[in-house]
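For reference, the structure discussed in these notes is given below.
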Number of protein chains: 2
Amino acid sequence: MSVTLKDVAQAARVSVSTASRALTGTGLTSERTQQRLTRIARELGYRPNPIARGLKTGQSRLVALLVHNLTNASFQVMAEVVQARLKALGYQMLLCIGGDDTQQESDTLTTLVDHRIDGLIVVPTGKNGAQLEALAKDVPIVCLVRRDDATDLETVLADDPQGAYLGTRHLIELGHKRIGLIVGRQDTTSGRERLSGYVRALREAGIAKDDTLIHAGHFVPETGATCARKLLDLPRPPSAIFVANHEATLGVLRVTAERNIAIPDDLSLLCYEDMPWFEWHRPAISIVDNGARDLANLAVDRLLHRMDAKGNGSDGVREYRVGARLVQRDSCRRIEATSAARAGKPKSAASKSKSSAAKPAKV
Amino acid sequence: MSVTLKDVAQAARVSVSTASRALTGTGLTSERTQQRLTRIARELGYRPNPIARGLKTGQSRLVALLVHNLTNASFQVMAEVVQARLKALGYQMLLCIGGDDTQQESDTLTTLVDHRIDGLIVVPTGKNGAQLEALAKDVPIVCLVRRDDATDLETVLADDPQGAYLGTRHLIELGHKRIGLIVGRQDTTSGRERLSGYVRALREAGIAKDDTLIHAGHFVPETGATCARKLLDLPRPPSAIFVANHEATLGVLRVTAERNIAIPDDLSLLCYEDMPWFEWHRPAISIVDNGARDLANLAVDRLLHRMDAKGNGSDGVREYRVGARLVQRDSCRRIEATSAARAGKPKSAASKSKSSAAKPAKV
DNA sequence: CGCTAGACTGCAAACGATTGCAAAAAGCTA
DNA sequence: TAGCTTTTTGCAATCGTTTGCAGTCTAGCG
């Protein structure tokens, strides 16, 4: 079917081994044959068969990226970054969707190693630590975004404590004293870390932590809606909400829209992680950017380092933190000390609620 | 490193070939040895090396999905569907991001074929027709979502004419007579087809086509904003806008927010293709669903069929159309014949525009 | 001119599976 | 038990590369 090394060798009237050496440039061939062979190879349209090569060398030029889903905007940009970087180096990215499902992750990992991937970047579910640890003996692995506490694999993380601190401080600097927090489940690292950053900012500012203002839950829009309602129904509702749980933002926005709460006039809103539509939304939504691009880039760097280092790529560092940064848009507003109590009350009487009753979708 | 067939054979005191036959179940071995060998293989933790197997068989159990990007929500669900389906069949999905870039697509295609993928589902850019055609000789290929007119590859398409017709008719049935259309570039199939569906619905309803209401442009939010402004600045602005260009929706929404135009009271809005946040938006945005799930499933079906059929999987059908359907949410409103002229004028004087001036984002 | 070192090259054995062919074993009939 | 068919097995080649080893060639030197 396709032209093989043998064909090239025949055309050049040399042995296969010479052809191989000339084309891979192992320097053991004369300048002349080397050039002649590259020319002939090009003319014949020869492209080495990675399978055959892989069989012999045990490498595949394949690097896998294993993420939970692709709905998460951060994963999207990470995938794109990783793909671009690897491609430039002649690797092909294998993007796998593990679905945050332990069994599936495990299966996928096995398949990947069977395929002799040269490296792996994984967002661990945290339940396959042992397996990951075992695989790490065969394949360079870097963990991304999440740490698997059962392993001591090299991990590239967002600086969630700092990000949450940054965001909370920003709101405090704008004069907010009652800041609602909607955060991820506390059995995840990021959930805990973001909470801790929030608490630290509060403490530094001398604001007492009020547990009624803090809600933790799953990474789904419904959570956002439920939490938002609870917050807004408080006797003294917050003047700002920090949604430190990406997917929950949708739910929060829906509730504010339903209740006709104007952002940022009636309520300041700050979110964690960007979504493409945040800056198109009116008001454009301010965020704490977790630095997905940087995370991905760093993960690739580290992985490549390990792959080069053949076995002992560890530089002793086990954990890398990528700084978060604040992106101010239009959803947070300065508040005067006195007007804090105004929050939560719609500025105009709800007069347009008529059309809110959702029509059931017809086929 | 890992346990090979040879190890299994040795442990069982048979030859490698027997082991191979027993484990692949070619039926040429006695029941007893077969069972004995599977047991031993399991005990030893044997897993066949796909690389070695691939070298011999020319197959890789790898199927590639080549899309433009992952930002597009439709591509996300397609990727997830394809992955799930293939996985169940023991294939590993290679998700590649071609970036709508001709050269990159071409490179990727080459790499994929080198890796001896067993099948390919591709959203063609439309510029590498010749290459695709050539590859199709080696690998089963199914095109998805877009047709490459330079080829006669089997293609699974959304029924864009029907979808656009459905959407437009829906608006007409709600009483709209002046319906703005924001559609993709007219050098893409979907752009043309959606326009044609729109035109047909108009014609059927006896409404004259008004070219000032039709805008075509790139698939980016900016386009949406520009087109929306043009439409709303018209002497007789439309009472409904059909955004038949996915990415443009963001831009349209921004403009309506800026101008304080209430949806659906002042303007009905209907979009093409779903986005996860559409149903969380207030008002929830009605859409024409292009059936991404169905598309992906059908593409997989067709691909598998071709892969099985070894060479002549063509059933004569060159093109499959997956029906679109209307999902009614809250962004379209019935309009009385008389009040059509009201559209475009904000119902209340712009009083809250103060905070609209975007603060420039600080680092 | 002969000899040796060094630079190139080719032979052949891997890598880990699959598979055609022929030999061995088993089952059957007479 | 011989003779035949039908399973079942093993040998060895093969897929397309890479690579250790040994052989060939050239050049340089005395």
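Lettering follows sequence order; numbering is per chain, from 1. These numbers come from the heavy atoms of this one structure, side chains and all, not from hydrogens, waters or symmetry mates.
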**Flag for B:R116-A:S2: side-chain donor and acceptor within less than 3.5 Å** = yes
Whole-Å distance separating the [atom1] atom of [X] from the [atom2] atom of [N]:
X	N	atom1	atom2	value
A:R53	C:dG16	CZ	P	18 Å
B:Q10	D:dG10	CD	C1'	15 Å
A:L23	C:dT9	CG	P	12 Å
A:E31	C:dT9	CD	P	11 Å
A:R47	D:dT17	CZ	P	11 Å
A:K56	D:dG20	NZ	P	8 Å

**Prompt:** Does B:T29 make a side-chain N or O approach to OP1 or OP2 of D:dT9 shorter than 4.0 Å?
**Reply:** no
**Request:** Look at the side-chain N and O atoms of B:T18 and state whether any lies under 4.0 Å from the OP1 or OP2 oxygen of D:dT9.
**Result:** no
**Request:** Locate the shortest heavy-atom distance separating A:G323 from A:D159; write the atom from each residue and the value.
**Result:** CA-CB, 4.2 Å
Identify whether any heavy atom of [X] sits under 4.0 Å from a base atom; if not, whether one sits that close to sugar-phosphate; answer base, sugar-phosphate or nothing.
X	result
A:T4	sugar-phosphate
A:S20	base
B:S30	sugar-phosphate
A:P48	sugar-phosphate

**Request:** Using modelled atom types only, decide if a donor and an acceptor are shared between the side chain of B:R36 and the backbone of B:A12 within a distance under 3.5 Å.
**Result:** yes
**Message:** When you measure only distances, ignoring hydrogens and angles, does the side chain of A:R21 come within 3.5 Å of the base of D:dG20 through a donor and an acceptor?
**Reply:** yes
